[in-house]
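Being a predicted model, the structure only gives us computed values, none of them experimental. Reminder, nothing fancy here: chain letters follow the sequence lines and each chain counts from 1.
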There are 2 protein chains.
Amino acid sequence: MKEQLRQYLNQYIQLNENEFCAIANLMSEKYLRKKEHFVKATSICNKVAFFTKGYFRFYYLTKNGDEITSDFYFAPNIVTSYTSLITCNPSDVYVQAMDDMKLLILSKSDLEKLYSQYHNIDRVGRLIAEKVAINSEQHLLSLLNQTAEERYRNLINNNPEFIQKIPLQYISSYLGITQETLSRVRRKIK
Amino acid sequence: MKEQLRQYLNQYIQLNENEFCAIANLMSEKYLRKKEHFVKATSICNKVAFFTKGYFRFYYLTKNGDEITSDFYFAPNIVTSYTSLITCNPSDVYVQAMDDMKLLILSKSDLEKLYSQYHNIDRVGRLIAEKVAINSEQHLLSLLNQTAEERYRNLINNNPEFIQKIPLQYISSYLGITQETLSRVRRKIK
DNA sequence: AAATTCCTTTGACAAAAATCAAAAAATGAA
DNA sequence: TTCATTTTTTGATTTTTGTCAAAGGAATTT
């Protein structure tokens, strides 16, 4: 799995052996079962995880107790409650494993040590943050200037393998609509 | 104005004199008049700007030619078309000065040299990217789980000084609604 | 001050989406 | 396979929001 992490990081920047091992040696294994949470709302997130299989769902609870999915993270990827990790405030978001998964965990304190010690690792952190920002921006834009139907079409075009597996109820709130409306959009499309 | 830049960057990290001057010496002055663009859609953005007065508006054009405001950046701040700068793709977004403004400009190539040369500057870049990601996430969430009325209330609570100055037509699309709907929300609130 | 332009509000109506309730389909467990 | 549970679809209705057109205000220019 560490080889996959190396490959994953390589898309951002080529780390030398020394730098990569510094990271890899600080990571610990953890397993999550389907539907378990990597981060829960109200808790402060102090870790990041790398995973190579399955996907995570980010969701919020409304005052009425309804779940609103705000994001999906598909493998291979690094996942964390970004806002909580950075601000040290309790997370607003639940980060839920949607499959049985194996994780490689890195604690925030170790991450910060790595950032301080290695310029290149700080840089990877920047590149990842930039990517997170761009993704969030894209999602935001799709909500502002596309119809629910367009958003759904794009979602299945961009991630066909995964979208098949995701129950509609989770996708609908990600698109900013109800299950029923999504079901109707879907009928129209086919 | 460079002193204000120093102060601005200090909120992220304390740069030493050497690091700060490396940045400041590469920046050039530029003036924009109200309604002029710092970045235009279809052009590739290769610069960032620091400004101490006024605000910028980010907007997109729909297929029908309607403008959709996606963001506001209030002084003092650093502004750029983030996605275009990072991906080197043409910008989807217009970045428009909403006041007469003085800018300090840094080119992308100089920025990248600074990133490579100074670990601390790379780090500032990371911290700023993280902040951009968090802001975008907040805006996204407000669209997913708040009503237009709640979004409007939050906007005026968080930036009362500025919101007064922004024409409704620009705010409404930022909130994901039409001018007319915003006008009705507003009547209800008062 | 009058005139022009720009911005905001209002009303009437249409369209889109939400809600509620129930049926149908799919999934997983015994 | 059958049963139980979960997920998706459908229909009827209500609510919300958008659209279009016009009027009212505010601000700016001449």
- Message: Apply side chain to side chain donor-acceptor pair (under 3.5 Å) to residues A/Tyr152 and A/Arg186 and explain how you reach the verdict.
- Response: CA-CA 8 Å; A/Tyr152 182 65; A/Arg186 211 193 212 180; 3.2 Å; yes
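Atom pair A/Ile171:CD1 and D/dT9:P shows a separation of 11 Å (rounding to whole Å applied). In this structure, A/Leu168 atom CG and D/dT8 atom P are separated by 4 Å, rounded to whole Å. C/dC6 atom P lies 14 Å from atom CD of B/Gln179, rounded to whole Å. Rounding to whole angstrom units, CD1 of residue A/Ile68 and C1' of C/dA18 are separated by 13 Å.
Although no hydrogens or angles enter the test, the distance criterion places a donor-acceptor pair under 3.5 Å between the side chain of B/Asp100 and the main chain of B/Lys34.
Annotation: A/Tyr73 is not in aromatic contact with A/Tyr55 [ring centroid separation under 6.0 Å not met].
The side chain of A/Arg186 contributes an N or O atom lying less than 4.0 Å from OP1 or OP2 of D/dT9. For D/dT10, the OP1/OP2 oxygens have a side-chain nitrogen or oxygen of A/Arg187 closer than 4.0 Å.
Residues satisfying the side-chain contact (heavy atoms from CB on, under 4.5 Å) test with A/Glu17, not counting sequence neighbours, are A/Arg6, A/Cys21.
Across D/dT8, C/dC7, C/dT10, the shortest atom-to-atom separation from the side chain of B/Lys35 is found for C/dC7. Between D/dT8, C/dT9, D/dG11, one nucleotide has an atom nearer to the side chain of A/Gln169 than all others, and that is D/dT8.
Between A/Asp66 and A/Leu61, every side-chain heavy-atom pair lies at or beyond the 4.5 Å cut-off.
At a cut-off of 3.5 Å, with distance as the only test, a side-chain donor of B/Tyr59 or B/His37 sits close to an acceptor on the other residue.
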- Task: Between protein and nucleotides 16-23 of chain D, map the contacts as a letter string: B base, S sugar-phosphate only, - none, heavy atoms under 4.0 Å, written 5' to 3'.
- Result: -SSBB---
